[in-house]
K.L.:
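One structure is given below, represented as structure tokens, and several questions about it will come after.
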Amino acid sequence: MNRPSVFKRPLRAVALGAGLVLLAATSSPWAAELSAAQLAQLKQKLTQNLPDFPPIDSAQTTPMPGLIELRSGNNIIYTDPKGEFVIQGNLLETKTQRNLTEERMDEINQIDFASLPLKDAVVWKNGNGKRRVVVFADPNCGYCKRLEKDLQQVKDVTVYTFVVSILGDDSKVKANNIWCLKDRTQAWRDWMLNGAEPAKAFGMCATPLQRNNALAQKLRVNGTPSMFFEDGTRLPSAAPVNVIEQRLTKATAKVGGAS
């Protein structure tokens with residue numbers, strides 16, 4: 001899984017492997033939180049050498065001896081116990097071929113799907129609609145438009161789109177106009193799939209845009225599109241149809257929604 005760098009600018013004088021794959025054949029316990037003193041020492045060393053290093057929320061050991069996992073927001077970074085080296089990349093267990101970084105990312109970013117205010121979303125479905133996915137999308141986001149087209153190929157799914165306005169005032173205008181039209185779902189799809197500009201709605205209409213933007217911030221949605229599945233996992237970017245299918249199947253199996 002490709003993940004963007006969490007650093008503001010390229011690192012110097014440090015071992016950094018963006019996209020680097022680490023191999024670990026050990027089966028030792030996954031997590032032991034570092035003590036407050038150890039964490040403070042690591043933070044001091046890293047920020048001393050790397051002023052742009054992102055804030056560290058927590059730190060724990062990994063199954064790979066000598067490798068420490070640092071959690072920064074929705075991201076994972078690895079370092080050694082002394083904070084002398086830093087690695088961004090995926091930690092793979094060779095024995096099981098598990099992507100331990102991806103598993104941890106799913107755990108860290110998991111949400112309570114049932115608590116999402118789906119009444120504030122634009123909704124459409126294909127087939128029986130038994131499988132569900134939530135999408136955060138900006139009406140002026142090109143990747144969101146591509147995802148919308150790709151989702152048309154997914155069978156038996158209900159798509160809930162929380163329309164947000166992270167790309168400026170025009171996105172806000174489009175989002176509000178789409179919501180206030182009589183058939184907001186058709187207006188959304190006409191715009192995203194065919195580029196048909198949403199008509200200006202007549203009269204005032206209360207829209208959920210402000211709530212959607214606040215929800216996106218709460219869930220740490222840092223870009224659009226972002227997808228959430230019924231098992232609480234997320235995909236923080238657009239993805240091919242086959243990947244979306246895999247995630248839907250996995251989520252359905254977890255929540256027992258079957259089909």
Side-chain angles (χ1 to χ4, degrees), residues 1-24 26-93 96 98-113 115-116 134 136 214-224 226-229 231-237 239 247 250-251 254:
M1 179 173 64
N2 294 324
R3 293 183 288 118
S5 171
V6 295
F7 300 99
K8 294 180 181 177
R9 62 173 181 258
L11 298 180
R12 292 188 290 269
V14 65
L16 174 66
L20 178 65
V21 175
L22 301 176
L23 302 180
T26 178
S27 58
S28 57
W30 171 254
E33 290 284 338
L34 268 61
S35 68
Q38 289 173 309
L39 180 57
Q41 187 176 17
L42 265 180
K43 286 182 177 180
Q44 181 181 13
K45 182 65 175 288
L46 289 167
T47 54
Q48 176 184 331
N49 293 332
L50 302 167
D52 287 336
F53 200 84
I56 302 170
D57 300 321
S58 63
Q60 63 182 41
T61 60
T62 73
M64 184 173 178
L67 191 69
I68 304 298
E69 174 200 294
L70 304 177
R71 176 179 171 182
S72 177
N74 292 338
N75 298 288
I76 288 174
I77 312 163
Y78 297 107
T79 187
D80 64 290
K82 295 183 178 180
E84 294 179 346
F85 299 91
V86 174
I87 298 171
Q88 275 189 285
N90 290 315
L91 180 63
L92 305 181
E93 185 178 60
T96 62
R98 291 164 57 201
N99 186 326
L100 301 182
T101 303
E102 187 173 285
E103 290 179 10
R104 280 289 291 149
M105 291 290 287
D106 282 346
E107 180 183 344
I108 288 170
N109 294 317
Q110 194 161 25
I111 66 160
D112 179 8
F113 191 93
S115 70
L116 294 174
V134 157
F136 282 81
L215 179 62
Q217 186 175 13
K218 178 183 176 182
L219 297 178
R220 294 178 176 177
V221 173
N222 299 317
T224 55
S226 286
M227 286 177 277
F228 293 85
F229 300 88
D231 60 353
T233 60
R234 77 171 73 191
L235 268 176
S237 62
R247 296 296 290 265
K250 182 179 177 182
K254 275 189 179 181

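Computed from heavy atoms alone, side chains included, the values below leave out hydrogens, waters and symmetry copies.
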K.L.:
Does the pair Arg247 and Asp106 meet the rule for a side-chain contact (heavy atoms from CB on, under 4.5 Å), with working shown?
P.N.:
CA-CA 11 Å; Arg247 296 296 290 265; Asp106 282 346; 3.5 Å; yes

K.L.:
Main chain of Ile68, side chain of Thr61: is a donor-acceptor contact present, judged purely on distance under 3.5 Å?
P.N.:
no

K.L.:
Check whether any side-chain heavy atom of Tyr78 sits under 4.5 Å from a side-chain heavy atom of Thr62, and report yes or no.
P.N.:
yes

K.L.:
Do you know which two heavy atoms are closest between Ser72 and Pro54, and how far apart they sit?
P.N.:
OG-CB, 3.4 Å

K.L.:
Could you check whether any side-chain N or O of Gln110 sits under 3.5 Å from a backbone N or O of Asp231, counting only pairs where one atom can act as donor and the other as acceptor?
P.N.:
yes

K.L.:
A side-chain contact here means heavy atoms from C-beta on lying under 4.5 Å apart; do Met227 and Val134 qualify?
P.N.:
no

K.L.:
Where do Leu91 and Leu67 land on the side-chain contact (heavy atoms from CB on, under 4.5 Å) test, with the steps shown first?
P.N.:
CA-CA 10 Å; Leu91 180 63; Leu67 191 69; 4.0 Å; yes

K.L.:
Quick one, Ile76 and Ile108 - any side-chain contact, counting heavy atoms below 4.5 Å?
P.N.:
yes

K.L.:
Under 3.5 Å, side chain of Asp57 to main-chain N/O of Gly73, donor-acceptor pair present?
P.N.:
yes

K.L.:
Any side-chain to backbone donor/acceptor pair from Arg104 onto Arg71? Under 3.5 Å, distance only.
P.N.:
no

K.L.:
How many angstroms lie between CG in Asn109 and CG in Leu219, if you round to the nearest 0.5 Å?
P.N.:
10.0 Å

K.L.:
Is the distance from the ring center of Phe136 to that of Phe228 below 6.0 Å?
P.N.:
yes

K.L.:
Between atom CD of Glu93 and atom CD of Glu103, what is the distance when rounded to the nearest 0.5 Å?
P.N.:
8.5 Å

K.L.:
Are Leu235 and Phe229 close enough, and set up right, to give a side-chain contact (heavy atoms from CB on, under 4.5 Å), and what steps lead you there?
P.N.:
CA-CA 8 Å; Leu235 268 176; Phe229 300 88; 4.0 Å; yes

K.L.:
Quick one: does Leu116's side chain get under 4.5 Å of Ile111's, heavy atoms only?
P.N.:
yes

K.L.:
Under the rule for side-chain hydrogen bond (donor to acceptor under 3.5 Å, both in side chains), what residues qualify as partners of Ser115, not counting sequence neighbours?
P.N.:
none

K.L.:
Search all heavy atoms of Ser226 against all heavy atoms of Gly223 and return the closest pair with its distance.
P.N.:
OG-O, 2.9 Å

K.L.:
In plain terms, say whether Lys45 and Asp80 are close enough for a salt bridge, that is, a side-chain N and a carboxylate O under 4.0 Å apart.
P.N.:
no

K.L.:
Would you be so kind as to tabulate the donor-acceptor pairs closer than 3.5 Å made by side chains of residues 33-43, with sequence neighbours excluded?
P.N.:
unit_1, atom_1, unit_2, atom_2, d
Ser35, OG, Gln38, N, 3.1
Ser35, OG, Gln38, OE1, 3.2
Gln38, OE1, Ser35, N, 2.9
Lys43, NZ, Ile56, O, 3.3

K.L.:
So do Thr79 and Phe53 actually touch side chain to side chain, heavy atoms under 4.5 Å?
P.N.:
no

